[in-house]
Amino acid sequence: MRTGLRGWRWQRNPLRRRSDVVEAWTVLIVAVLLFVVTPLVGVAAGLRAHDAARSLAASQRAERHEVSAQVIGDPPERLSSEQVGRARPYRAEVRWSEPGKAARTAWVRVPAGTRTGDTVSVWFDARGRGVAPPPDDAAVLQHAVMAGLCAAAGTAAVVLLGHAVERRIALRHRLAEWEREWARTGPRWTQPRT
């Protein structure tokens, strides 16, 4: 005797319950949401984040300018060669001059291991404050990829959470359905035979 399990929830069968059909449709919908909609949401969020980050980077490039400056202040402490790799950037006084203007000084963040007299690349905004460099293309792409991955993961989490809630509700209905069936069938099985 051979039984066909393939697609058994979709076929007409006297043992098929209403909850089996609901569960089969739910699994199909969850699969479509996970394998079609979730990647589309991730791609859409990534593209939107890429456009926003690219326009932000372009506006920052337009309002900031880079200068080569010489460190004139002493570092807070001398770092050994082993500490340089683990050390963090620090604030130091730098001097630079722009064409047609007098030499200027400012306190800015410089890379770890920078010594007095070293030339560093420093970014300033329109007011002359030291600022971080604008994001490059790699940073924009990294931001877009992370936004897309987070959006896809969030969508998948919502879909799977919804599926878990649906399964719990379906289980409750299935148990109630079995109780009703047993209430009809049980007395015939438990009556003493004469």
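Here, residue 1 is the first one in the sequence, and each next residue gets the next number. Keep in mind that what you see is a predicted model, and the values were worked out from it rather than measured.
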Minimum side-chain heavy-atom gap Gln70-Val120 below 4.5 Å: no
Whether over 12 other heavy atoms sit under 6.0 Å from Arg61 CZ: yes
Check: Ala52 main-chain N/O paired with Ser55 side-chain donor or acceptor under 3.5 Å: yes
Aromatic plane relationship, His65 with Phe124 - under 30° parallel, 30 to 60° tilted, over 60° perpendicular: tilted
Side-chain heavy atoms of His163 within contact of Thr26, under 4.5 Å: yes
Heavy-atom side-chain contact between Val37 and Val41 under 4.5 Å: yes
Straight-line distance of Glu93 CD to Arg95 CZ, nearest 0.5 Å: 8.0 Å
4.5 Å side-chain heavy-atom contact, Pro134 and Trp123: yes
Side-chain heavy atoms of Gln60 within contact of Pro135, under 4.5 Å: yes
CZ on Arg168 to NE2 on His173, rounded to 0.5 Å: 12.5 Å
Under 3.5 Å donor-acceptor, Thr155 side chain and Thr38 backbone: no
Separation between CG of Leu171 and CD of Glu177, rounded to the nearest 0.5 Å: 11.5 Å
Partners meeting side-chain hydrogen bond (donor to acceptor under 3.5 Å, both in side chains) with Glu66 (sequence neighbours left out): Ser121
Min side-chain heavy-atom separation Val110-Val94 under 4.5 Å: yes
Interatomic distance, Ile29 atom CD1 to Leu34 atom CG [nearest 0.5 angstrom]: 12.0 Å
Heavy-atom donor-acceptor pair, Arg172 side chain to Arg167 backbone, under 3.5 Å: no
Gln142 atom CD, neighbour heavy-atom count above 12 within 6.0 Å: no
Arg54: side-chain hydrogen bond (donor to acceptor under 3.5 Å, both in side chains) partners, not counting sequence neighbours: Asp51
